[in-house]
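Here's the structure we're looking at; comments come further down.
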Amino acid sequence: MSGDHEHGDSQVNCGSKGSDTHRHKDKHKDKEHRHKDHKKDKEREKFKHSNSEHKEHSEKKHRDKDKEKLKHSDGSSDKHREKHKEKRREEKIKSSHIDRPKKEKENGYVRDISPAAIKSEPEEGNGFYPSPQYNKTKQEYDDEEFEYKPKKVKTEHDKKAKKRKHEYEEDDEDEDIKPKKKTKDKKTTEGKKAKKEEEEKWKWWEEERSTDGSKWRFLEHKGPVFAPPYEPLPDKVKFYYDGKPMKLNAPAEEVATFFAKMLDHEYTTKDIFRKNFFKDWRKEMTSEEKSKISDLNKCNFSEMSEYFKAQSEARKQMSKQEKQKIKEENERILQEYGFCIMDNHKERIGNFRIEPPGLFRGRGDHPKMGMLKRRIRPEDIIINCSKDSKHPKPPPGTKWKEVRHDNKVTWLVSWTENIQSSIKYIMLNPSSRIKGEKDWQKYETARRLKKCVDRLRSQYRDDWKSKEMRIRQRAVALYFIDKLALRAGNEKEEGETADTVGCCSLRVEHIKLYPKMDDQEYVVEFDFLGKDSIRYYNKIPVEKRVFKNLQLFLENKQPEDDLFDRLNTSILNKHLQELMDGLTAKVFRTYNASITLQQQLKELTSPDDNVLAKILSYNRANRAVAILCNHQRAPPKTFEKSMQTLQTKIDEKQNQLSAARKQLKAAKSDHKASHDDKSKKAVEVKRKAVQRIEEQLMKLQVQATDREENKQIALGTSKLNYLDPRISVAWCKKWSIPIEKIYNKTQREKFAWAIDMAEKDYEF
DNA sequence: CACTCAACTTAGTACCACGAAC
DNA sequence: GTTCGTGGTACTAAGTTGAGTG
């Protein structure tokens with residue numbers, strides 16, 4: 001059998017990302033660049049998949065081949081992808097991924113996600129977390145399935161408003177969405193302070209939601225805050241071209257300052273960056289400037305750069321008063337522009353400042369890095385607000401592009417950005433009702449998935465055997481999304497963005513198959529750049545059937561061909577929608593993240609631990625999720641050093657401890673000798689001292705462990721976006737941990753709904 | 001379908017204010 | 001008082017999703 005597929009191994013090759021992209025771990029270095037014969041590729045495409053027979057599926061084989069299956073050849077859907085590939089092949093050869101600190105999943109946390117892994121325990125201080133869905137027993141699955149019961153909101157709120165059911169989806173019976181008038185009336189009569197306080201306490205989650213698709217009924221705001229106008233450089237600060245000073249006109253000078261400000265960033269050494277910058281810069285020049293300045297290498301921005309450095313230095317040196325003044329001014333702007341009135345409530349706006357002009361910095365190997373992000377003017381701005389509200393005024397002498405009154409959307413201001421021509425928005429803060437409701441709903445959808453995930457899993461397992469290629473691909477992709485928490489993976493337009501992929505857009509070059517690896521069978525090695533060009537690297541054993549399917553998918557393909565050539569996110573999501581209302585690929589991430597947290601908390605929290613140790617356990621549980629979701633960060637620049645100082649402290653403490661112990665011993669023998677009260681007291685005192693130092697030491701050690709484990713893991717993203725906050729709240733309540741230890745102020749604001757409603761027995 | 005666009009969520013990083021350490 | 005280190009935030013890029021269109 002396997003004989004048929006042995007080519008899989010040699011042929012599948014992660015060629016192109018090359019060592020430049022992933023420079024560290026030697027083990028990934030072995031990739032070769034094998035996209036030599038580009039010209040042939042196109043032709044090969046035509047023939048691809050021509051021999052897709054498989055012994056492995058011999059029973060079905062006959063039915064398979066002439067039908068759908070392996071029905072690669074009708075290829076209509078392949079077509080559109082072709083055009084990109086050529087280019088990719090060429091570019092890849094030299095493409096060097098931008099030199100951001102490389103991050104890898106390979107940090108000692110690679111999870112064992114083999115189905116067999118039932119157990120999960122942190123391993124010698126070096127976290128080791130199994131796949132979420134497999135660390136429970138079958139029994140657990142069964143139990144959980146129907147255990148869920150909607151919980152009541154705190155009783156004292158019950159009378160206030162008609163309660164929404166906790167089950168979001170079920171509350172569409174009676175509609176009675178009258179604005180809570182009383183709030184408003186009070187507000188207008190009372191002072192600002194009182195109003196603010198009241199707003200902070202507004203429990204939107206106890207009110208009815210609108211069901212007609214409108215997002216609000218009333219919306220009033222002050223519009224955006226524009227970037228400050230350009231201030232030309234003082235004459236003494238000169239720009240030199242080819243060694244000669246040259247005064248630039250304001251527009252060109254401004255763009256030059258953008259570059260000057262980035263001078264010590266390595267971005268400015270990148271060819272693409274420089275090329276894009278120079279091209280856009282020239283557009284701002286007068287024809288005279290344009291004719292003179294023809295080579296970026298002859299440009300000397302250093303005086304400008306020095307000037308800005310001096311300025312920022314001066315800013316740091318400002319007196320307290322000056323700083324205070326600036327702070328106050330910012331506060332004033334915040335008060336004026338940072339809030340809006342939405343449906344009788346004053347709500348915080350997320351980003352009320354328009355993005356200032358500058359040079360575009362994409363992430364990863366972005367083809368557009370260095371391009372000029374142009375200044376946004378009032379004429380570019382679309383305002384969205386209520387018809388009957390006081391409309392925001394454009395700055396004197398200017399006009400808005402448009403004022404509209406669309407309550408089917410949540411944004412207040414939008415404009416089109418010039419790099420990708422995408423639309424940017426000003427929206428509300430996460431603490432707002434409109435964001436909170438959505439967030440809550442997201443977790444409810446994930447909980448619904450929990451109820452039917454078993455069904456779905458057995459379904460996709462069945463589909464691995466389908467005779468239709470598209471269904472097999474869909475099923476394998478879904479398996480990855482579920483098991484590995486991969487993102488959906490939309491297609492992207494080549495040349496517009498960095499070359500990154502998600503599940504559906506994985507290419508042949510991104511996986512390697514190992515029928516055997518060490519003591520494991522059917523190992524798949526993933527190595528690709530995901531969102532934000534963060535590397536995903538993982539080796540996992542998969543089920544045989546998956547493995548065989550992958551071999552099938554890889555047949556006769558080139559490294560740059562799509563692994564799932566008969567699948568895209570739209571197909572996948574349509575399928576998911578049929579399986580469960582509201583189900584999309586990303587729900588799996590939410591679900592798996594949250595369920596993992598819950599399980600890990602259960603497993604890792606020891607009742608006897610003190611608060612500190614419990615928090616460490618929480619962080620570890622959180623970390624398991626971050627690892628699952630591949631949330632990485634650059635190790636802080638000061639990491640080594642700060643670890644060092646911490647270690648020094650620990651050593652000191654240890655010395656202290658042994659000294660204290662000695663003293664205790666001495667006191668004890670003293671007491672033995674004399675047996676008097678005084679010596680007894682001394683013993684007690686010493687004992688206490690030892691205890692105290694032990695505690696301090698432990699605290700330090702916990703801190704060190706936590707920090708070490710966190711070196712390149714970012715907890716924030718999962719905490720903010722994937723973990724049902726009610727799990728954390730419940731955990732805090734259960735173990736009497738102050739919520740402040742888990743969520744900072746901003747987070748508490750965002751999760752106010754959860755903090756208010758979750759009790760200690762909350763089950764995700 | 002394929003393709004585009006709009007809207008909204010998710011993401012990492014730069015930077016700075018603030019409190020601890022000196 | 002000054003420096004140091006760090007948590008919190010602001011910023012904005014980069015995803016996902018679904019609707020509309022031809």
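The chains referred to below are lettered A, B, ... by the order of the sequence lines, with proteins before strands, and numbering in each begins at 1.
For A:Thr410, the side chain to side chain contact (heavy atoms under 4.5 Å, CB included) criterion is met by A:Lys215, A:Met427, A:Ile434, not counting sequence neighbours. Considering only residues two or more places apart in sequence or on other chains, A:Asn351 meets the side chain to side chain donor-acceptor pair (under 3.5 Å) condition with none of them. The side chain to side chain donor-acceptor pair (under 3.5 Å) search around A:Asp651 returns A:Gln647, not counting sequence neighbours. Every salt bridge (Lys or Arg N to Asp or Glu O under 4.0 Å) that A:Lys424 has, sequence neighbours left out, goes to A:Glu355. Among residues two or more places apart in sequence or in another chain, the ring-ring contact (aromatic ring centres under 6.0 Å, His included) test is passed with A:Phe259 by A:Phe277, A:Phe301. Checked against side chain to side chain contact (heavy atoms under 4.5 Å, CB included), A:Lys261 has the following partners two or more places apart in sequence or in another chain: A:Phe308. Applying the side chain to side chain contact (heavy atoms under 4.5 Å, CB included) test to A:Gln311 and every residue at least two apart in sequence or in another chain returns A:Tyr307, A:Arg315. Among residues two or more places apart in sequence or in another chain, the side chain to side chain contact (heavy atoms under 4.5 Å, CB included) test is passed with A:Lys745 by A:Arg748, A:Glu749.
We find that CD1 of A:Ile354 is positioned 10 Å from P of C:dT12, with the value rounded to whole Å. With rounding to whole Å, A:Asp264 atom CG is found 13 Å from B:dA14 atom P. If you measure from atom CG of A:Asn351 to atom P of B:dA14, you get 20 Å, rounded to the nearest angstrom. The distance between atom NZ of A:Lys719 and atom P of B:dG12, rounded to the nearest whole Å, is 15 Å. As rounded to whole Å, 17 Å separates atom P of C:dT12 from atom CE of A:Met371. As a whole-Å value, the separation of A:Lys438 NZ from B:dT9 P is 4 Å. Between A:Arg353 atom CZ and C:dA10 atom C1' the separation is 10 Å, expressed in whole Å. When rounded to the nearest whole Å, the span between CE of A:Met427 and C1' of B:dT9 equals 9 Å.
Side-chain atoms of A:Ser421 never come within 3.5 Å of backbone atoms of A:Asn418 as a donor-acceptor pair (strictly under, hydrogens ignored). Under the 3.5 Å distance criterion, the side-chain polar atoms of A:Asp562 are left unmatched by any main-chain donor or acceptor of A:Phe564.
For the pair A:Tyr722 and B:dA11, the criterion of a side-chain N or O lying under 4.0 Å from OP1 or OP2 is met. OP1 or OP2 of B:dG12 sits under 4.0 Å from a side-chain N or O of A:Thr717. Distances shown here put a side-chain N or O of A:Arg348 below 4.0 Å from the OP1 or OP2 atom of C:dA10.
Counting non-hydrogen atoms under 4.0 angstrom, A:Pro356 reaches the backbone sugars and phosphates but no base. Residue A:Thr410 is classed as a sugar-phosphate contact, given heavy-atom separations below 4.0 Å to backbone atoms only.
A salt bridge does not link A:Arg375 to A:Asp380: none of the charged nitrogens lies less than 4.0 Å from a carboxylate oxygen. Between A:Lys442 and A:Asp724 no salt bridge is recorded (no basic side-chain N to carboxylate O distance below 4.0 Å).
For the ring-ring contact (aromatic ring centres under 6.0 Å, His included) test with A:Tyr267, the passing option among A:Phe258, A:Phe273, A:Phe360 is A:Phe273; the others fail.
Using cut-offs of 30° and 60° for the angle between ring planes, the A:Phe751 and A:Tyr743 rings count as tilted. Aromatic ring orientation, A:Phe226 versus A:Trp400: parallel (interplanar angle below 30°, classes split at 30° and 60°).
Rotation axes derived from the C1' atoms of the five outermost pairs at either end of the helix from B:dC1-C:dG22 to B:dC22-C:dG1 lie 10° apart, to the nearest 10°.
Of the two residues contacting DNA chain B, namely A:Arg404 and A:Asn721, the nearest-nucleotide position lying further toward the 5' end is that of A:Arg404. Taking for each of A:Ser718 and A:Thr416 the nucleotide of DNA chain B with the nearest heavy atom, the 5'-most of the two is the partner of A:Thr416.
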Query raised in the report: Which letters describe nucleotides 13-21 of chain C, given B = protein heavy atom under 4.0 Å from base, S = only from sugar-phosphate, - = neither?
Result: SBSBBS---

With the criterion being N/O to N/O and under 3.5 Å, what pairs connect the protein with nucleotides 17-22 of chain B, and how long is each?
unit_1	atom_1	unit_2	atom_2	d
B:dC18	OP1	A:Lys327	NZ	2.9

Pick out the pairs of N or O atoms, protein on one side and nucleotides 1-7 of chain C on the other, that lie under 3.5 Å.
unit_1	atom_1	unit_2	atom_2	d
C:dG5	OP2	A:Lys641	NZ	3.1
C:dT6	OP1	A:Arg707	NH1	3.4

